[in-house]
Amino acid sequence: MPELPEVETVRKGLENKMLHGVVSSLELRREGLRYPFPIGFSDSVVGRTIVSIDRRAKYLLIRMSDGLTWIVHLGMTGKFTLYQNDSELESVGGFAKHDHVVIKLESGVIAIYNDPRRFGFMDLIDTDGEQNHRHLANIGCEPLSDDFHAQALAFELKGKKTPIKTALLDQRIVAGLGNIYVCEILYRAKISPKRSAKYVAGANQQVSHRCENIVSHTKDVLREAIIAGGSTISDFAAVDGDLGYFAHSFRVYGREGEVCLGEKCEGVVKRITQAGRSTFYCPQCQK
DNA sequence: AAGCGAACCTGGCTGC
DNA sequence: TGCAGCCAGGTTCGCT
């Protein structure tokens with residue numbers, strides 16, 4: 001389910017209840033998710049302290065004592081639910097279908113990872129070797145960091161024939177954008193998703209106003225979504241990273257056949273398929 | 001080499 | 001009520 005803002009919301013929720021906690025048990029209720037769990041998973045984690053919880057792109061990085069990092073990717077349907085203690089878990093009827101991983105802390109807190117489609121995965125790595133990890137090695141810059149600016153984006157897009165929609169979904173170009181937010185960003189930037197990346201990058205030696213547009217709208221959309229996620233989960237009991245919190249703010253995604261929300265635009269939102277994914281856009285105001 | 005489509009899974013919704 | 005078909009927010013693999 002989650003794109004960058006949802007993963008960030010989950011990160012905050014876990015941090016709120018689990019930071020500085022010591023893992024007392026790890027129960028794996030199946031062999032793996034998308035990939036098998038790492039060998040010796042439970043033994044490696046039990047007894048360690050959670051030192052910090054970070055995020056890179058859509059990856060959660062749970063930093064454990066003594067240089068171990070626990071990587072979690074939520075895939076499409078991964079979520080965590082947190083309970084204060086055993087009795088709180090029992091009060092909701094215990095485990096649910098697709099509860100795959102159960103983390104218990106010495107404080108009594110329980111975190112349950114649930115993932116119906118099992119596109120998510122978990123892995124353990126040495127924190128030192130993080131740059132070399134197959135999933136983290138080739139990821140582009142964080143869109144909310146100062147490194148993400150118009151020149152940097154133009155450099156990445158330069159010479160690419162692929163549509164801008166597909167390019168922005170490429171995690172090597174920018175980290176953490178997914179299908180929904182890319183649609184929303186291009187809508188706000190008034191750029192057609194069908195434009196080639198190189199067209200958006202513009203001519204050599206100049207900073208494309210289109211890239212500036214995309215960068216500023218990217219930061220806006222992500223920040224708004226993170227705020228929406230954070231404000232909705234007042235009590236962090238469940239950290240499900242559901243896009244529902246921001247869904248009412250979608251201006252184009254999922255609005256096929258509806259009138260464009262743009263000022264004075266009478267266009268109708270269209271849905272097309274690009275690289276196997278649905279793209280929603282307004283052919284009238286996105287040029 | 002870049003750029004597609006398919007594959008990995010389950011569940012929810014639509015239409016017959 | 002049942003069932004087939006299509007869709008889903010991600011990532012990787014393999015073929016052109």
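Just so we're on the same page: letters track the sequence lines, and every chain starts at 1.
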**Q.** Nucleotide nearest A/Y59 (side chain, heavy atoms from C-beta), chosen from C/dG10, C/dA8, C/dT11
**A.** C/dT11
Q. Between A/H73 and C/dG10, does any side-chain N or O lie under 4.0 Å from OP1 or OP2?
A. no
**Q.** Given B/dG11, C/dG9, C/dC7, the nucleotide with the shortest approach to the side chain of A/P116
**A.** B/dG11
Q. Is the shortest distance from a Lys or Arg side-chain nitrogen in A/E3 or A/K58 to a carboxylate oxygen in the other one below 4.0 Å?
A. no
**Q.** A/T69: which of A/T127, A/D123, A/D126 passes side chain to side chain donor-acceptor pair (under 3.5 Å)
**A.** A/T127
Q: For C/dT12 and B/dG11, measure between their C1' atoms and round to the nearest Å.
A: 23 Å
(Q) Tell me the interatomic distance from A/L4, atom CG, to C/dT11, atom P, rounded to whole angstroms. (A) 11 Å
Q: Please name the residue in the list A/L105, A/V22, A/V45, A/L14 that meets the side chain to side chain contact (heavy atoms under 4.5 Å, CB included) test with A/I50.
A: A/L105
Q | Ring-face cation of A/R134 near A/Y35 (centre distance under 6.0 Å, axis angle within 45°) | A | yes
**Q.** Atom-to-atom span, CG of A/D170 to C1' of B/dG5 - whole angstrom
**A.** 16 Å
Q: Let me know the distance between CG of A/L74 and C1' of C/dG10, rounded to the nearest Å.
A: 10 Å
Q.
I'd like the P distance from C/dC7 over to B/dG5, given in whole Å.
A. 14 Å
Q) Between C/dT11, B/dC9, C/dC13, which nucleotide gets closest to the side-chain atoms of A/R117? A) B/dC9
Q. Is any side-chain nitrogen or oxygen of A/Q171 closer than 4.0 Å to OP1 or OP2 of C/dT11?
A. yes
Q) Does A/T77 place a side-chain N or O at less than 4.0 Å from the phosphate oxygens OP1/OP2 of C/dG9? A) no
Q: Please state how far atom CZ in A/R277 lies from atom C1' in B/dA7, giving the value in whole angstrom units.
A: 14 Å
Q | Length of the NZ-P vector between A/K161 and B/dG3, whole Å | A | 7 Å
(Q) Checking contacts here: which listed nucleotide (B/dG11, B/dG3, B/dC9) is nearest the side-chain heavy atoms of A/T162? (A) B/dG3
(Q) Measure NE2/A/H100 against P/B/dC9 and give the value in whole Å, please. (A) 12 Å
Q. When you measure from the side chain of A/P163, which nucleotide among C/dG9, B/dG11, B/dC4 comes out closest?
A. B/dC4
Q: Identify which nucleotide among C/dA8, C/dG10, B/dT10 has an atom closest to any side-chain atom of A/H98, counting heavy atoms from C-beta outward.
A: B/dT10
Q) Separation of A/F280 atom CZ from C/dG9 atom C1', in whole Å? A) 11 Å
(Q) Without decimals, in angstroms, what is the distance between A/K79 NZ and C/dA8 C1'? (A) 13 Å
(Q) Looking at A/K58, I'd like to know whether one of its side-chain N or O atoms comes within less than 4.0 Å of OP1 or OP2 on C/dT11. (A) yes
Q.
So is the aromatic ring of A/F119 stacked onto the base of B/dC8, judging by whether the centres are under 5.5 Å apart and the planes are under 30° apart?
A. yes
(Q) Taking donor-acceptor contacts at under 3.5 Å, does the side chain of A/R34 reach the base of C/dT11? (A) yes
(Q) Checking base pairs now: Watson-Crick or wobble, both atom distances under 3.5 Å. What partners B/dC9? (A) none
**Q.** Check: A/N114/A/K97 side-chain N/O donor and acceptor closer than 3.5 Å
**A.** no
Q.
If you only use heavy atoms from C-beta on, which nucleotide in C/dG10, B/dG11, C/dT12 is closest to the side chain of A/H135?
A. C/dT12
Q.
Please classify the nucleic acid contact of A/Y253 as base, sugar-phosphate, or nothing, using heavy-atom distances under 4.0 Å.
A. sugar-phosphate
Q. For A/R117 and A/T77, does a side-chain donor sit closer than 3.5 Å to a side-chain acceptor?
A. no
**Q.** Contact under 4.0 Å: A/R118 side-chain N or O vs B/dT10 OP1/OP2
**A.** yes
**Q.** Identified pairing partner of B/dG3, criterion: Watson-Crick or G-U wobble below 3.5 Å
**A.** C/dC15
Q. Quick one: is C/dG9 close enough that its OP1 or OP2 comes under 4.0 Å of any side-chain N or O from A/Y181?
A. no
Q. Nearest to the side chain of A/K160, which nucleotide is it out of B/dC9, B/dG3, C/dG9?
A. B/dG3
Q: Measure centre to centre between the rings of A/H217 and A/Y187, then say whether the value is under 6.0 Å.
A: no
(Q) Can you identify which nucleotide, out of B/dG3, B/dC8, C/dT12, has its nearest atom closest to the A/Y35 side chain? (A) C/dT12
Q: For B/dA2, take OP1 and OP2 only and decide whether either is under 4.0 Å from a side-chain N or O of A/R172.
A: no
Q) Of the candidate nucleotides C/dT11, C/dC7, B/dG11, which contains the atom at the shortest distance from the side chain of A/K97? A) B/dG11
